[in-house]
Student: 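The structure follows.
Values in this document were obtained by computation on a predicted structure and should not be read as measured data.
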Amino acid sequence: MRSDWFRFKDSPAASTADDFFLPELCAPEALLVLVVLAELLVLVLVLAEPMPGGFDWVRLALTSLFVQWNVLLSAALLCRLRPLLARLRAAWAGLLCSLLVVALTLACTAVTDYFQLAEGGDTGRYLRHGLIGLIMSALLLRYFYLQSQWRRQQQAELRARLEALQARIRPHFLFNSLNSIASLVASDPRKAEQAVLDLSDLFRASLAKPGSLVTWKEELELGRRYLSIEQYRLGPRLQLEWQVGGVPDDLPIPQLTLQPLLENALIHGVQPRIEGGLVRIEADYRDGVFQLCVSNPCADGTQPQSSRGTRQGLANVEGRLAALFGPAASLSVDRRDGRHYTCLRYPCARLSQEARAL
């Protein structure tokens, strides 16, 4: 998964550079692609010329040296100028990139003439090299631009999908919390009033930061506020056990992920039982993988059939995990030793000091 999903805010300059169609050409992967493409171009140029005496390995070596040197210089120059080019319109930036590549090609051609690495110094060879540099750079820049547009479209579709899932889970959470508060109005108005205040604080915290990811510390606070509302209704029947000490506070997690798991445990493990039950929350972060399990007791070793609301909450959590973290993320449901376990896991990295400071 890319680290972009773990950024809550970015500076305007960084955001502009990230949206620029020209990739980071200094990255090892990009350099490898450029070197391979350049060598394929060299083979085409050498094979296109007549070779009456057999394959000319010397010409292949000299042409490879010329083209690779030109490609590496162009990549280094464009990499350095990328922040400045990102401030221009795409058309002007592409034109300037092509002109820079052509200028470097002509400069490399002049160097080969100076050291007599090529035959002659006629104008036709300069024109030919300049046109090849212009055509190849234009084709490659066009490919980068189309790839950037496709990537932006994919990100827009993903954001729309996440927003739809988030819009569905918030009313779902609100309705269930209001039902819990409504049950307190007649029996204990004071607790009902306090529960309303808790719900107000919870939603203020939930809606204060736009985006799909929050820190584990914030998500844990939302879960505790939800449990405080349910504690008013269930009283001593609700027992909690937290084992979350090994999870860093700055770990990213999709917003409102813990609450549906807690709700599922309360509906099926505590509410139907006269004596209530123990809800255990276990979380761990090891080797770059975050794992969260919420378990509750099962009545007679079986888990009652899920309600529609619970299925919607868990389905939303699973959908957001898959959208944000890809196929490596999972949500599983299991029964063992008389308890029902709902567990999720996904790979992620801790937020950087810079991201936490913003």
Side-chain angles (χ1 to χ4, degrees), residues 1-20 23-33 79 82-83 86 147-148 151-152 154-163 165-166 169 205-206 208-224 242-261 281-294 314 316-332 342-358:
M1 173 57 54
R2 292 182 52 191
S3 61
D4 299 355
W5 293 109
F6 304 147
R7 297 185 188 137
F8 294 94
K9 295 180 183 178
D10 286 306
S11 64
S15 178
T16 302
D18 289 340
D19 292 337
F20 190 41
E24 288 283 357
L25 297 179
C26 295
E29 297 84 357
L31 286 176
L32 177 61
V33 172
C79 182
R82 186 174 184 269
Q147 187 183 50
S148 173
R151 185 168 56 249
R152 293 177 64 180
Q154 293 293 105
Q155 292 175 352
E157 293 176 356
L158 179 59
R159 283 194 297 269
R161 179 184 174 191
L162 290 172
E163 289 173 1
L165 290 171
Q166 194 77 1
I169 200 170
S206 173
K209 186 193 295 284
S212 301
L213 292 174
V214 295
T215 64
W216 167 248
K217 181 179 180 180
E218 293 169 322
E219 181 66 12
L220 190 60
E221 178 64 21
L222 294 179
R224 293 184 187 276
W242 298 88
Q243 298 180 12
V244 298
V247 180
D249 289 341
D250 58 353
L251 206 67
I253 183 172
Q255 192 178 44
L256 289 178
T257 295
L258 177 59
Q259 184 274 329
L261 273 61
I281 302 98
E282 303 170 272
D284 187 31
Y285 179 66
R286 189 175 304 171
D287 298 329
V289 177
F290 173 67
Q291 181 166 332
L292 171 65
C293 285
V294 176
L314 294 182
N316 272 276
V317 171
E318 186 175 17
R320 289 184 294 150
L321 287 176
L324 287 170
F325 302 102
S330 64
L331 188 147
S332 61
T342 305
C343 301
L344 61 86
R345 67 191 312 270
Y346 57 86
C348 62
R350 296 180 61 178
L351 296 173
S352 64
Q353 294 288 342
E354 179 182 357
R356 289 202 301 272
L358 292 175

Student: With sequence neighbours excluded, tell me which residues meet ring-ring contact (aromatic ring centres under 6.0 Å, His included) with Y346.
Tutor: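 Once residues adjacent in sequence are excluded, the partners of Y346 under the ring-ring contact (aromatic ring centres under 6.0 Å, His included) criterion are F290, F325.
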Student: If I compare all heavy atoms of E24 with all of C79, which pair ends up nearest, and what's the gap?
Tutor: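 Taking every non-hydrogen atom into account, OE1-SG, 4.0 Å.
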Student: Would you please test L314 and L261 for side-chain contact (heavy atoms from CB on, under 4.5 Å) and show each step?
Tutor: CA-CA 7 Å; L314 294 182; L261 273 61; 3.9 Å; yes
Student: Give, for atom CZ of R286 and atom CZ of R345, the distance between the pair rounded to the nearest 0.5 Å.
Tutor: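 Answer rounded to 0.5 Å: 11.0 Å.
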Student: Please report the closest heavy-atom contact between L258 and G223, naming both atoms and the distance.
Tutor: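 So the minimum-distance heavy-atom pair works out to CD2-CA, 4.1 Å.
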Student: Nearest 0.5 angstrom please: E219 CD to L292 CG, how far?
Tutor: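 The CD atom of E219 sits 9.0 Å away from the CG atom of L292.
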Student: So if I apply the side-chain contact (heavy atoms from CB on, under 4.5 Å) rule between C348 and each of L251, V289, I253, which one comes out positive?
Tutor: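 Option passing the side-chain contact (heavy atoms from CB on, under 4.5 Å) with C348: L251.
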Student: Who pairs with D249 by side chain to side chain donor-acceptor pair (under 3.5 Å), at least two apart in sequence or on another chain?
Tutor: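 Checked D249 against side chain to side chain donor-acceptor pair (under 3.5 Å); zero matches.
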Student: Atom CG of L344 and atom SG of C293: how far apart are they, to the nearest 0.5 Å?
Tutor: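 Interatomic distance, L344 CG to C293 SG, rounded to 0.5 Å: 7.5 Å.
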Student: Applying side-chain contact (heavy atoms from CB on, under 4.5 Å) to R320 and T257, what does each step give before you reach the verdict?
Tutor: CA-CA 9 Å; R320 289 184 294 150; T257 295; 3.9 Å; yes
Student: Which atom pair, heavy atoms only, marks the closest approach of L213 to L324?
Tutor: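 Here L213 and L324 meet closest at CD2-CD1, 3.8 Å.
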Student: For P252 and A349, work out which heavy atoms get closest and say how close.
Tutor: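 Here P252 and A349 meet closest at CD-O, 3.2 Å.
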Student: Partners of Q291 by side chain to side chain donor-acceptor pair (under 3.5 Å), sequence neighbours excluded?
Tutor: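 Q291 satisfies side chain to side chain donor-acceptor pair (under 3.5 Å) with no residue once adjacent residues are dropped.
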Student: Which heavy atom of S330 sits nearest to which heavy atom of L321, and what is that distance?
Tutor: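 Looks like O-CD1, 4.2 Å.
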Student: Just wondering, do W216 and P248 contact through their side chains at under 4.5 Å, heavy atoms?
Tutor: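 Result no, sub-4.5 Å side-chain heavy-atom pair not found.
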Student: Could you please spell out the steps behind the side-chain contact (heavy atoms from CB on, under 4.5 Å) verdict for L220 and T215?
Tutor: CA-CA 9 Å; L220 190 60; T215 64; over 6 Å; no
